[in-house]
S.K.: 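Okay, here's the structure, questions in a sec.
Hydrogens, waters and symmetry mates play no part in the numbers below; they use all other heavy atoms, side chains included.
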Amino acid sequence: MTDPSMVPPEQFAALVREASDEQLEQGMRENRDVLLDEIFHRMPQQFDPGRAEGVEAVIEWQITRPDGEPDRWQLSIREGRCDCTRGGEAEPDVSYRVAPVDFVKLITGVETGPKMFVFGRLRIRGNLMMAARMQGWFRMPTG
């Protein structure tokens, strides 16, 4: 397998866009931890502090697992920085709960948050106004 840290975000987005749901599910089954770790490791690099001026927030992503317990990552946005922690103990201002394939589609721009929310594939808790603005704080890969 190719080391995911060697795949630029734009290329990853193109791969996701071209893959079937079955291929994405297989990839997440076989490489879930590696892929999610790399995605969250890169989120601070994709953060655009100019778009999030004055924002102080804790954003929690919950990526579901077959056993029902999600993997959790917290993004802390403070003073123009974005830091990412696996797990995390802070009280989130907003949390997203999503299946792994839907998560990958969302962060690569293949699917939109509002569409996924309307159809029950993305659950949001907390500050809904912040949830609606959060995507704009990050550069989305194009592929």
S.K.: Tell me if a side-chain donor or acceptor on Gln74 pairs with a main-chain N or O of Ala90 at a distance below 3.5 Å.
M.R.: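 Present.
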
S.K.: For Gln26 and Glu30, which I'm curious about, is there any donor-acceptor pair between the side chains at under 3.5 Å?
M.R.: yes

S.K.: I'd like to know if the side chain of Gln23 pairs up with that of Glu25 as donor and acceptor (distance under 3.5 Å, no hydrogens or angles considered).
M.R.: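 There is no such pair between these side chains.
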
S.K.: Using 0.5 Å steps for rounding, measure from the CZ atom of Phe117 to the CG atom of Leu128.
M.R.: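 One finds 6.0 Å between CZ of Phe117 and CG of Leu128.
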
S.K.: Do Phe12 and Val104 have side chains that get closer than 4.5 Å, going by heavy atoms?
M.R.: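 With C-beta onward as the side chain, the pair touches.
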
S.K.: Is a donor on one side and an acceptor on the other found under 3.5 Å between the side chain of Asp93 and the backbone of Val58?
M.R.: yes

S.K.: Say you draw a straight line from CD of Glu56 to CD of Glu79; how long is it, rounded to the nearest 0.5 Å?
M.R.: 6.5 Å

S.K.: Just wondering, more than 12 heavy atoms not from Arg86 lying within 6.0 Å of its CZ?
M.R.: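 Counting other residues, nucleotides and ligands, CZ of Arg86 exceeds 12 neighbours.
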
S.K.: Are the charged groups of Asp71 and Arg32 less than 4.0 angstrom apart, N to O?
M.R.: yes

S.K.: Take Val55 and Met134, measure what side-chain contact (heavy atoms from CB on, under 4.5 Å) needs, and give me the verdict at the end.
M.R.: CA-CA 10 Å; Val55 172; Met134 198 262 317; over 6 Å; no

S.K.: Is any side-chain heavy atom of Asp48 closer than 4.5 Å to a side-chain heavy atom of Phe138?
M.R.: no

S.K.: Looking at every heavy atom in both Asn127 and Val94, which two are closest together, and how far apart are they?
M.R.: O-CG2, 3.7 Å

S.K.: Any side-chain heavy atom of Leu75 within less than 4.5 Å of one from Trp137?
M.R.: no

S.K.: For Tyr96 and Leu106, what are the C-alpha separation, side-chain angles and deciding distance, and is it a side-chain contact (heavy atoms from CB on, under 4.5 Å)?
M.R.: CA-CA 11 Å; Tyr96 300 92; Leu106 179 66; 5.8 Å; no

S.K.: Measuring from Glu10:CD to Leu15:CG, what's the distance to the nearest 0.5 Å?
M.R.: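 Nearest 0.5 Å value for the CD-CG distance: 11.5 Å.
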
S.K.: I'd like to know whether CD of Gln62 has more than 12 heavy-atom contacts from other residues, nucleotides or ligands below 6.0 angstrom.
M.R.: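 Counting other residues, nucleotides and ligands, CD of Gln62 exceeds 12 neighbours.
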
S.K.: What closest approach, in Å, do Ile63 and Pro100 show between heavy atoms, and which atom pair accounts for it?
M.R.: CG2-CA, 3.7 Å

S.K.: Output yes when Glu111 and Arg121 qualify as a salt bridge under the 4.0 Å nitrogen-oxygen rule, no when they do not.
M.R.: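 Judged by the 4.0 Å cut-off on N to carboxylate O distance, Glu111 and Arg121 do form a salt bridge.
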
S.K.: Are more than 12 heavy atoms, taken from residues, nucleotides or ligands other than Arg125, located less than 6.0 Å from that residue's CZ atom?
M.R.: no

S.K.: How long is the straight-line distance from CG of Asp102 back to CG of Leu24, given to the nearest 0.5 Å?
M.R.: 10.0 Å

S.K.: Between Val98 and Thr64, is there a side-chain heavy-atom distance shorter than 4.5 Å?
M.R.: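 Thr64 does not reach Val98 side chain to side chain.
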
S.K.: Can you tell me if CZ on Arg51 sees more than 12 non-hydrogen neighbours from other groups inside 6.0 Å?
M.R.: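 Yes, CZ of Arg51 has more than 12 neighbouring heavy atoms, counting only those of other groups under 6.0 Å.
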
S.K.: Identify the heavy atoms of Cys82 and Pro44 that sit nearest to each other, and give their distance.
M.R.: O-CB, 3.2 Å

S.K.: Would you say that Leu35 contacts Glu38 through its side chain, given a criterion of any heavy-atom pair below 4.5 Å between the two side chains?
M.R.: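 Sidechains of Glu38 and Leu35: no contact.
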
S.K.: Looking at every heavy atom in both Gly87 and Glu60, which two are closest together, and how far apart are they?
M.R.: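 Result for this residue pair: O-OE1, 4.4 Å.
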
S.K.: Do Arg97 and Pro70 come close enough that some side-chain heavy atom pair is under 4.5 Å?
M.R.: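 Yes - at least one pair of side-chain heavy atoms lies under 4.5 Å apart.
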
S.K.: Can you say whether the rings of Trp61 and Phe103 are parallel (under 30°), tilted (30 to 60°) or perpendicular (over 60°)?
M.R.: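 It falls in the perpendicular class, over 60°.
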
S.K.: Rounded to the nearest 0.5 Å, what separates atom SG in Cys84 from atom CD1 in Ile59?
M.R.: 11.5 Å

S.K.: Closest approach of Thr108 and Lys105, non-hydrogen atoms and distance?
M.R.: OG1-O, 3.3 Å

